[in-house]
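Working notes, structure below.
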Amino acid sequence: MSEVLKPQFTGARVTRLEDARLLRGQARYVDDFEYPGTLEVAFLRSNRAAARIQSVDVTEALAVPGVKAVWTFADCPITLPDRPFQVGQPVLARDEVRFVGEPVAAVIADSRYRAEDAVEKIRVQYEPLPAVVDSRAALADQPRRVHEHRPNRFLHKTHVTDGFNEAFQSAPHHLELTFRWNRQTGVTMETRGCLALPDPVSGRLTVYAGHQSPHGLRGMLARLLKLPEHQVRVVVPEVGGGFGIKAMFYPEYVVVAEAARRLGRPVKWIGDRMESLLADAHARDAIHEVAVAYDDEGRILAVRDHVIGDTGAYAFPGFPGAVGEANWATEMLTGPYKIPHVSIEIECVFSNKAPLGPYRGVGGPIGAQVQEAIVDAVARALGKDPVEVRRANLIGPEDFPYHTPTGKVYDPGSYGESLERALALVDYERFRKDQEQWRAQGRYVGLGLCVFVEPSAMAESEAGSIPYEAVTLRMEPSGVVTAAVGTGPTGQGHETTFAQLIADQLGIDVKDVVVLHGDTDSAPFGGGTGGSRSGTIGGGAAIRAGQALRRKLTQLAAHLLEAAEEDIRLEAGKAFVAGVPARSITIRDLARTAYTDVARLPEGMQPGLEVVARYQPPGAATYSNGTHLAVVEVDVETGFVKVLDYVVVNDCGVLVNPMIVEGQIHGGVAQGIGSALLEELRYDENGQLTTTSLMDYLLPTAEDVPRMRVEHIQTPSASEGGIKGMGEGSLIAAPGAIAAAVSDALAPFGVFVTELPIRPQQIVAWVQAAKTEAQAG
Amino acid sequence: MKIRVKVNGRWYESDVEPRTLLAYWLREDLKLTGTHIGCDTTSCGACTVLLDGKAVKSCTVLAVQANGREVMTVEGLERNGQLHPLQSAFWECHALQCGYCTPGMLMASYALLQENPNPTEEEIREGLSGNICRCTGYMNIVKAVQTAARKMSGESQEALEEVAANGASAD
Amino acid sequence: MFPNAFEYEAPTSLDDAIRLIREHGYDAKVLAGGQSLLPMMKLRIAAPAVLIDINGIDELKGWREVDGTLRIGAMTRHAELEHARELADSFPLLSRTARWIADPLIRNRGTIGGSLAHADPGADWGAAMLAAGARIEARGPEGSRLIPVDEFFVDTFATSLNEDELVVAVHIDKPTGPVAARYMKLERKAGDFAIAALGVQVELDSNGRVAKAGIGMCACGPIPLRATKAEAALIGQPLTDETIKTVSRLVPEDADPTDDLRGSAEYKRDLLRVFASRALHEIAEELKGKVGGQ
C-alpha cells in the first residue's frame, strides 16, 4: 500500500473552510434557530447554598399570560445517574437545594420575557441549613453532610512508590509548600443552551445543543427520557466555545427535552451569563500540600502531595470534576522530570457549591504550576539558577519510553530541546543581566518557565470513554468528498484539519472535502471532543478512511488504465500511471464511473465510493510537550502585573495545520493569564457566589495579553499520522509560567507565589511585609 | 411604538415594545442573527454594531433609540457578495476560532479603522478592549486589523504577505 | 435579563423634558447614554415606569467657552471628550480622565451629564470634576442654577438635584496660570471598575508655587471625595519631592474606602497615596517645562 508521497495540505497553513459563514454572520448557533411555536424556558434557581425546600408555590406563576407550564421535581422526576458515588443530581431540586444556582423550577412560556416574569412570581419556602464551604472542614463533615446518606469525602486514594519513605528521609534537603488554586471556569462566549423539537409523526426527538459529545449526549438523553437511542437525534450546530465546559451532561437539557416531548412543542432554553457563572461546570478549587526531598545538585528525589479537591454539590455523570483535577494533576506531577518517587494522597469532598467539571487542561494546569514551583523553590533554596535545576532533572531523549512513578508511559518528546530553544528566543543570559540592572533601578521584572508535558488522546476524557474515533467518507459522483466525523469541535477547525488529511490521501483539493460533524444522524458513532483527542484519534481515523478510499480508487484506476495498482498515483485531482502522466483519468471520472458506469468496474467491485473507518491509537496516550516562558513586570506599589513578553516552544508531533495549532496556543495563553492574574469565582461564607457577572469574573482583554512568539518542534507520535493532541497544553503551562515569573520578579522580597489567582493587593502586602522585616532585621 | 431604522442600507419599519433592546430587535425581528449576546452586563462586546457610524454595544441601546438612525451589523460588511477587507484579513490571519465574538470584533475593528486608518498595535488593542475573545488570545485579531488597515490604505501585496506571516514590526 | 415594561418619551426640547420630568416625578428616570441605567434595568435593579430619553435634545450637546468658563453640554459623550485635542492644553483633566472610563464602545454612548447624575461612587467623572472644581448646571421648572461639585454628590447614587431638575451642563473655569493634570486609576484589566482612582489638577502662580490644587478620588467612599487636607497642604508650596511626599500621605486621610471584592480599605488608601505621589511628580515635571523650574 503506497504512502502519500507528497502531502500537499498536511503541515500547510490552510485558511479555514468554516470561516466564510462565521465572518458573514451567517453561522447558526443554538439561539439562531427559529421554529414556529417554540416555547422558552426560564429556570428558578436556588438562592441558598443549602436549604430544605418546604414548599414551592407556582400558582401566581401559572397565571402569568403566555405561561404553558411550571415544573418542579414532581412534574419531572428525573435524576442524573448516581454512580459511582451514590449521589445523583435531580434535574429540578427535590426536597433540598445544595448550591446557589441549582435549578428548582422551570417555567415554560411563549417567550423568555414572560417566562422570566413568571419566575419572579414563584414562591419558595426554604429552611436554611448550614452551608459547607470550606473543603478542609468538609472533610470532617463540618458543618454537616452535604448529602445526608454519605460522608462528604467521596474519594480517598493513595499511591506510594516502593521505597518512597527511604528515598524521602535519606535526602539531604527538604522543603514544604502548600498551594491553593481558587475556583475558576471556562466562560465560553456563547452560553449554554438547547432546543428540543419533537416530531409528532415519528416520535423522534431532535435536540440542538452546543455540546462536545454529540453521541454521548444522545445516549444520556435516551437513557434518562427512556427513549430508544435511535429515536433521539442530537444536532450540534455552530458552538461558541467549549473548553470542556460543554462536554458535561447538565440537568437543564433533560428538562427542555422532556418538556418538548410532553408538550409536543419545540422548547428552547438559552442560559444567560449569570446562569453560566452560577451553574456551568466550575474548575480548579484544590489545595496541594507538598513536601519535596532533594539533593545538593537540585535533583528532586521524592515528592509528597496531599490533595484536597472540592467537587461542589454533585458529581457530573462520568466526570466528577474534582477527581479529574486531582487525578491528572498528580498523575502528571513529575512532569518532564526524572523524579523517581512520589507519595500521593487524594481526598475529594462535596460542598455546597456548584458542581465541578472539566475545564481545559483539567488537572494539568494545577499539576504543572505545582511541579514548576517545586523546581523553582528548590533552585531558590540552593541559590541555583532555576534553569540549571531543570537541566539536572529533565528526562532526556535516551530515557524514552519513560515510565513515570505514577504509572504513565511517555512516548518520545523534546523536553530539554524545547527549554533550550525558549531560552534562546529571549536570550536568557542577557535577560538575567538586564534584570539586575532593572532591580537596581527599582523595576521588578521577572521571568517564569513552565516545561510541560500534556497527556493527549487518552481512551477516557471528559468527552467520554470511547477509545476510538470514527470517520465516514463518501466520494460523491462529482468527485468531491463528504466526510462525517464523530468529534465535537467548538472552534478548533476540524472542518479544515480533517479535510487536509483526507485531501492528501486522495490527491484532491482540500476545498473538495466537506466535513460534517455534530449530527448523530450523519456522524458515525464516535467519542466527541475532549482530552485533546481529536487530532490524534480523529486524525488517525481520517487518515485510515482516506487510505481505504484511496485503495478503492487506486484499484478502479488501475483497472481502467490497465496498469498495476502499485504504479497508480493520485495527485492534483487525477489518477495517473507513475512516470506516464498522459495515462490518467480524473478523480471526478473515477467517481462518476463508480456510481453510474458500473459495467466498467472490475470484477467483484461494488459500485459506489463510501467507507467508514474507526481508529484506536496504539498507546494509552500520547504526550505533547513544550516550554512556556513568560516575562512580567510587577508594580510593587500597586501590585499590578503586566505581561511583557511570552514565548512558546511547542511539540505536538506532526503538525496538520500550524496556523490552527498556533491559534490554540494563543488562546490557551490568554486563558492562562486570566487564570494566573484575574479569574476567581468567589463564594462567601454563606455559600453565595459573589462573582455572578463578567464585571466581577474578570477576563483578559486585548490590552492584557501580549504579543506571543510560537515555535514548533515535531516529534511524531506512534499513531497514524504522527499527530499528538495539543489543545490543552497552553492552558496547562501558562498559569505556571506567569506565577513563576511573578515569583521571580519579587524574589528580592523573598516572595513565592503559592495561590492563584494572584491578587494585586496580595502582592503589595507581601512586598510591604518583606520591607518591614528588612527594616526590623 | 413604531420605529423606522436603516439597517445595512435598508429601511425597516417595526412596532416594538420600548423595552426591546436593539440587539434583540436585530436578531429576532429582522432575523439578522450575526449579532450575538454574550453577557448580561455590557461587559463582552459580542453584540457590537455601528449606530450612526459609532461602535456601540447593542445590548445596551433600546431599539426605540435607533428610530430614524442608521445601524450597520456584520451582515452589512460585505458588498455584493464580496467580503470587506477586514473579513478577508480575519480569514487570512486566522483571527477567529469559534466565531462567536467575531461579528462584534469585526464591527469594532471597522469603527476603529474609520476613525484611525493607520493605528499602532497599542491603539488596536486599546480600541478592541471592549470586545472579549476567549479563543484566540487576540494575537491574530491584531494582525488581521493591521493587515486590513494596510489593504484599505492600498499597500503592496508583498508587504501584506509579510505582515500576515510575521505580524507588523514592533510598533 | 430583560427590563420591565415602561412608557417611553423622547422629548426634543429641554422645556418638554423638564415638563415630563415634573409630570412623572419618581416614576420616571432620565435616559442619557444609558450605559449605567440600562444594565441596571436589565438586571431589574431599577424598574422605572417611564423613561425620558434626552438623546434628541440638541441644546444639551457640544461645548463652548464663554468668559473664561468652559460649558460642556450634558449629552457630551465620553468619547468626544477623550478625543477633544483642542481642550487638552487648558483643560488637561478631561481627555486624561475620559480615556479611563469603561471601554471604547461604552464611551461612544455614555455621557458626562448622565454619569454625574447617576452618581456611582466608582465613576471617574466624579473624581475629575472635584479636581477641576466644576459646577453643575441644573435646570428645573423654575430655571437654572449652578451647583458647586462639592455640593452635588450626596450619597451613593444620590445627588442634590431636585426631583424635577435635569443636569444640562458642566462648567469648568479656564485656568489662568500654568496648569497640569493627571488621572490615575488601578483596574485589574481594561474596562474594569476602579479599585481606586484619583484625579489631580494643579495651577501654578508666577513664582512657580501652587496657586490652585484639586484632588478628587473615586471608588473610595460612598461618594467621590475631595482630598481637602492634601489640597490645603499644596497651596503656596513649590512642587518639591518633600512637598509631594507630605501631601501624598495626606490624601488617604480624606478617603473613606471599604473592604470589598476589589480590595481592602487599607490597600485602597495605599493606592491613593501612591497615585497622588506619581501624579504630582509627573505634574511637577511637566510644569517645570512650563514655568522654567523652581
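Lettering of chains follows the sequences in order, A, B, ..., and the numbering in each one begins at 1. Everything quoted here is computed from the prediction, not taken from an experiment. Note: hydrogens, waters and symmetry copies are ignored here, and every other heavy atom, side chains too, is used.
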If I measure from the heavy atoms of chain A, does [X] come under 4.5 Å with its side chain, its backbone, both, or neither?
| X | answer |
| --- | --- |
| B:Leu77 | neither |
| B:Glu75 | both |
| B:Leu83 | side chain |
| B:Thr102 | side chain |

Residue selection (most heavy-atom pairs with chain B, distance under 4.5 Å) from [options]:
| options | answer |
| --- | --- |
| A:Glu34, A:Glu238, A:Glu18 | A:Glu34 |
| A:Thr191, A:Ile665, A:Val239 | A:Val239 |
| A:Ile270, A:Asp272, A:Thr188 | A:Asp272 |
| A:Val705, A:Asp19, A:Val187, A:Val669 | A:Asp19 |
| A:Pro700, A:Ser730, A:Gly242, A:Ala27 | A:Pro700 |

Checklist entry - How many angstroms lie between OG1 in B:Thr120 and CG in B:Asn116, if you round to the nearest 0.5 Å? => result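 Separation between the atoms: 7.5 Å.
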Checklist entry - Is the number of heavy atoms from other residues, nucleotides or ligands within 6.0 Å of CZ (B:Arg69) greater than 12? => result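 At most 12 heavy atoms, drawn from other residues, nucleotides or ligands, come within 6.0 Å of this atom.
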Checklist entry - Is there side-chain contact between B:Tyr100 and B:Arg134, with at least one heavy-atom pair below 4.5 Å? => result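 Not touching, per the 4.5 Å side-chain cut-off.
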Need one label for [X]: side chain, backbone, both or neither, based on atoms under 4.5 Å from any heavy atom in chain B.
| X | result |
| --- | --- |
| A:Gln26 | side chain |
| A:Asp31 | both |
| A:Ile660 | both |

Checklist entry - side chain to side chain donor-acceptor pair (under 3.5 Å) between B:Asp40 and A:Ser693: does it pass, once the steps are laid out? => result CA-CA 7 Å; B:Asp40 320 324; A:Ser693 82; over 6 Å; no
Item to check | Under 3.5 Å side-chain donor-acceptor pair for A:Asn650 and A:Glu711 | outcome: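 Absent: no donor and acceptor within the cut-off.
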Checklist entry - Do B:Thr33 and A:Arg28 have side-chain N/O donor and acceptor atoms under 3.5 Å apart? => result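 The answer is yes; a qualifying pair exists.
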Next on the checklist: Salt bridge check, A:Arg16 against B:Glu92: does any charged N sit closer than 4.0 Å to a carboxylate O?
Outcome noted: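 Between A:Arg16 and B:Glu92 there is no salt bridge, as every charged N stays at least 4.0 Å from the carboxylate O atoms.
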Item to check | Geometric class of the A:Phe43/A:Trp269 ring pair [parallel <30°, tilted 30-60°, perpendicular >60°] | outcome: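 Taking A:Phe43 first and then A:Trp269, their aromatic rings stand perpendicular (interplane angle over 60°).
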Next on the checklist: Can you tell me how the ring of A:His494 sits relative to the ring of A:Phe498, calling it parallel under 30°, perpendicular over 60° and tilted otherwise?
Outcome noted: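 The arrangement is perpendicular - the two ring planes meet at more than 60°.
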Item to check | Between B:Gly99, B:Gly34, B:Gly45, B:Ala46, the one whose heavy-atom pairs under 4.5 Å with chain A are most numerous | outcome: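 Ranked by contacts with chain A, first place is B:Gly99.
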